[in-house]
Amino acid sequence: MTNYQMPRGTQDILPNEIEKWHALEEYLQKFTTLYHYKEIRTPIFEHTEVFKRGNDSSDMVNKEMYTFMDNGARSLTLRPEGTAGVCRSFVENKLYGSPDLPVKLYYMGPMMRYERPQKGRQRIFNQFGVEVLGVKNPYLDVETIALGYSILSGLGLKDLVVQLNTLGDDESRNNYREALKKHFHGYLDELCVDCHRRYEQNPLRILDCKVDHDHPAMKSAPKISDYLNEESRDYFEKVKAGLDALEIPYTVEDRLVRGLDYYTHTVFEIVSVNEDMGAQATLLAGGRYDGLIEYFGGPEMSGIGWALGMERILLALEAENIEIAKDEGIDAYVLCLCKEAQLEAFKLTTMLRSHGFICDTDYQQRSFKAQFKSVERMKAKIAILVGEDELASHTLSLKKIDTQEQFKIPADEIITKMDELLEERF
RNA sequence: GCGACUGUGGUGAAGCGGUUAACACAGCGGGUUGUGGUCCCGUCAUGCGUGGGUUCGAAUCCCAUCAGUCGCCCCA
């Protein structure tokens, strides 16, 4: 048996939970369609260079990717995130030539990352994300964040916090990075081992450290806001003003740095503060990226996007006791009460289905009692009985479960009767 | 990659070296020869994640391995 266990960090989504997924998927698609986004589907694996770009310092790219050789010499990687593939496609298909920029896209599907699984984190997980490509305008940043916030609050989620920051443009960020290194240089001995690594690879992340969170050097560290050039500062001010205008609540977190290296200017996360969420409470996160489209050989264009973790959304809904989908049950269950009635019951079931009724029947010749329990479990609205009497007299017995009403009708009137009893069906 | 805890039937669990592997729920059959949800009776793990080892004897001890959970790291 053990050999056939699913790989670590993967999951089966079983029939009893699929309705939640359908409901969430449908909700997300409808919501983004309202904002005039269109779906894009890109491959689940890409050439490794799509994700691994030269100087990238993130763990995700450096140690969490499923990379393999494609027969010959090509190195391929199972996508760990959605943005890179979308940008690659944007360039490859020359979508930048669209007369109606920006191009607004959404995607949905599995992402793969080699990580240690825990609550809210699997090796294969599903993301839904949006990308707005081709135009750089702070109001698009605002629109994108507002969309993310509306999606989450529209689900009924309350324990949400929007965290916002800016990384500035390259110039601002480089200056800031140098300033940070200078600042922390003297404290290096007092900081944790991870911070030493961060110091070399991505000094901004030192600010994120939980171990050294309370170290005095953290509080005295320079702030990005002091290193923004005029353009970057101006851009950020407009984003904030736009969010204020739309009355989107947010807090500016100058320690918020995103994991991916391609971000510039606006970065944001929407976090659940519900205590049942565990350590992985970031529901949705994203930011603006200036250099990515160029990297793939496209024009000098900017983009902004975010992704949300669908499993985490489902967890958050559970934590806040929100039902996204309920089991509607079936229209009818056909009980077969004797061997002779089997064919008749089977034919009836098939015929009802062809008229649009969701129904099922017994295939095991179980006892009457057992079949009626199925009626209950399947939440059937109507029980239809086929037995010796009905066969002999060409009739059917019906029981409407919610009212307990019973009927005995000629067999050929079943559809009319069903329609009458179930007014709301499609 | 690091640390801690856990792994017994469809589910929840007791057992912690010698038991026919408790008990409860669910399932199935019956009491009620055609009306469920209550009640009663019966039945339901040749096996205790997997593979080794110790032992006369292992679900119980040891080792390895796989998986889960929680945290760190990281991230959605």
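Letters A, B, ... mirror the listed sequences (proteins, then strands); counts begin at 1. These values consider heavy atoms only, across backbone and side chains, with no hydrogens, waters or symmetry-generated copies. All values reported here derive from a predicted model rather than from experimental measurement.
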Open item on the list: In whole Å, measure the gap between the P atoms of B:rA14 and B:rA24 for me.
Closed with: 15 Å

- [ ] Provide, to the nearest angstrom, the distance between the CG atom belonging to A:L24 and the P atom belonging to B:rA76.
- [x] 18 Å

Task: Result of checking A:V271, A:L283, A:T282 against A:M277 for side chain to side chain contact (heavy atoms under 4.5 Å, CB included) - done: A:L283

Open item on the list: Classify A:G120 by what it touches in the nucleic acid, base, sugar-phosphate, or nothing, heavy-atom distance under 4.0 Å.
Closed with: base

- [ ] Return no unless some side-chain N or O of A:R8 is found under 4.0 Å from OP1 or OP2 of B:rC66.
- [x] no

- [ ] For B:rG18 and B:rC73, measure between their C1' atoms and round to the nearest Å.
- [x] 48 Å

Open item on the list: Could you go through A:I304 and A:E131, starting from their C-alpha distance and side-chain angles, then the distance that decides it, and tell me whether this counts as side-chain contact (heavy atoms from CB on, under 4.5 Å)?
Closed with: CA-CA 6 Å; A:I304 181 163; A:E131 309 292 347; over 6 Å; no

Open item on the list: Say we look at B:rC48 and B:rA21: how far apart would their P atoms be, to the nearest angstrom?
Closed with: 12 Å

Got a list of side-chain donor-acceptor pairs under 3.5 Å for residues 114-122 of chain A, not counting sequence neighbours?
from	atom 1	to	atom 2	distance (Å)
A:Q118	OE1	A:R121	NH2	3.4
A:K119	NZ	A:D276	O	2.6
A:R121	NE	A:R116	O	3.0
A:R121	NH2	A:R116	O	2.7

Open item on the list: In whole Å, I'd like the distance from the NZ atom of A:K63 to the C1' atom of B:rC73.
Closed with: 7 Å

- [ ] Ignoring backbone atoms, test whether A:R116 places a side-chain nitrogen or oxygen under 4.0 Å from the OP1 or OP2 oxygen of B:rC72.
- [x] no

Open item on the list: Using the salt bridge (Lys or Arg N to Asp or Glu O under 4.0 Å) definition, which of the options A:R53, A:K52, A:R88 pairs with A:E46?
Closed with: A:R88

Open item on the list: Just to be sure I understand the rule, does A:Q11 reach a base, reach only the sugar-phosphate, or reach nothing, if contact means heavy atoms closer than 4.0 Å?
Closed with: nothing

- [ ] In whole angstrom, give me the gap between the C1' atoms of B:rG17 and B:rC56.
- [x] 12 Å

Open item on the list: Considering every strand and a 4.0 Å limit on heavy-atom distances, what is the contact class for A:I313: base, sugar-phosphate, or nothing?
Closed with: nothing

Task: Contact under 4.0 Å: A:S367 side-chain N or O vs B:rG29 OP1/OP2 - done: yes

Please output the side-chain donor-acceptor pairs of residues 155-163 of chain A that fall under 3.5 Å, not counting sequence neighbours, one pair per line with the distance.
from	atom 1	to	atom 2	distance (Å)
A:D159	OD2	A:N274	ND2	2.8

Task: Bracket string, RNA chain B, 5' to 3' - pairs by Watson-Crick or G-U geometry under 3.5 Å, | interstrand - done: ((((((((.[[[..)..(....]]].(((((.......))))).....[[[[[..)....]]]]])))))))....

Open item on the list: Determine whether A:H355 and A:L352 satisfy the following criterion, side-chain contact (heavy atoms from CB on, under 4.5 Å), listing intermediate values before the conclusion.
Closed with: CA-CA 5 Å; A:H355 282 79; A:L352 288 170; 5.8 Å; no

Task: Interatomic distance, A:L337 atom CG to A:Q365 atom CD [nearest 0.5 angstrom] - done: 12.0 Å

Open item on the list: Aromatic contact between A:H183 and A:Y187, with the criterion being ring centroids under 6.0 Å apart: yes or no?
Closed with: yes

Task: For A:F236, ring-ring contact (aromatic ring centres under 6.0 Å, His included) partners two or more places apart - done: none

Open item on the list: What I want to find out is whether A:E39 reaches A:R41 closely enough, with some N-O distance under 4.0 Å, to be called a salt bridge.
Closed with: yes

- [ ] Could you tell me whether A:E388 contacts a base, only the sugar-phosphate backbone, or nothing, with contacts defined as non-hydrogen atoms closer than 4.0 Å?
- [x] base

TODO: On the 0 to 90° scale, with breaks at 30° and 60°, tag the A:F128-A:Y106 ring pair as parallel, tilted or perpendicular.
DONE: parallel

Open item on the list: On RNA chain B, compare the nucleotides closest to A:Y114 and A:N126; which residue's is nearer the 5' end?
Closed with: A:Y114

Open item on the list: Taking only the P atom of each, what is the distance from B:rU55 to B:rU60 in whole angstrom?
Closed with: 16 Å

Task: Whole-Å C1' distance, B:rG47 and B:rA22 - done: 15 Å

Open item on the list: Could you check whether A:D290 pairs with A:K136 (Lys NZ or Arg NE/NH1/NH2 to Asp/Glu carboxylate O, under 4.0 Å)?
Closed with: yes

- [ ] Whole angstrom is fine here: how far is it from CG in A:D59 over to P in B:rC73?
- [x] 11 Å

TODO: Please work out which residues in residues 305-312 of chain A have a non-hydrogen atom less than 4.0 Å from an atom of RNA chain B and list them by number.
DONE: A:A307, A:G309, A:R312

Open item on the list: Does B:rC70 have OP1 or OP2 under 4.0 Å away from a side-chain N or O of A:Q118?
Closed with: no

- [ ] Using atom CG of A:D12 as one end and atom C1' of B:rG68 as the other, report the distance to the nearest whole Å.
- [x] 14 Å

Open item on the list: Using whole Å, what does the distance between atom C1' of nucleotide B:rU32 and atom CG of A:L337 come to?
Closed with: 15 Å

Open item on the list: Using a strict threshold of under 4.0 Å (side-chain N to carboxylate O), is an ion pair present between A:D169 and A:R288?
Closed with: no

Task: Candidates B:rA76, B:rG34, B:rG27 - which lies nearest the side chain of A:A285 - done: B:rA76

- [ ] Look at all strands and tell whether A:G82 reaches a base, only sugar-phosphate, or nothing, counting heavy atoms closer than 4.0 Å.
- [x] nothing

Open item on the list: Roughly how many Å apart are B:rC44 and B:rU69, using the P atom of each and rounding to a whole number?
Closed with: 34 Å

- [ ] Return yes if the base of B:rC70 and the side-chain atoms of A:R121 contain a donor-acceptor N/O pair under 3.5 Å, otherwise no.
- [x] no

Open item on the list: Over 60° means perpendicular and under 30° means parallel, so tell me whether A:Y227 and A:Y176 are parallel, tilted or perpendicular.
Closed with: tilted

- [ ] Round to the nearest Å and state the distance from A:Q280 atom CD to B:rA76 atom P.
- [x] 11 Å

Task: Contact pattern, 5' to 3', of nucleotides 35-41 of chain B - B, S or - by protein heavy atom under 4.0 Å - done: BBB-B--

TODO: Write down the distance separating the C1' atoms in B:rA76 and B:rC62, rounded off to the nearest Å.
DONE: 42 Å

Task: Rounded distance (Å) that lies between atom P of B:rC28 and atom CD of A:Q371 - done: 10 Å

Open item on the list: Can you measure A:Q365 atom CD to B:rG29 atom P for me and round it to whole angstrom units?
Closed with: 11 Å

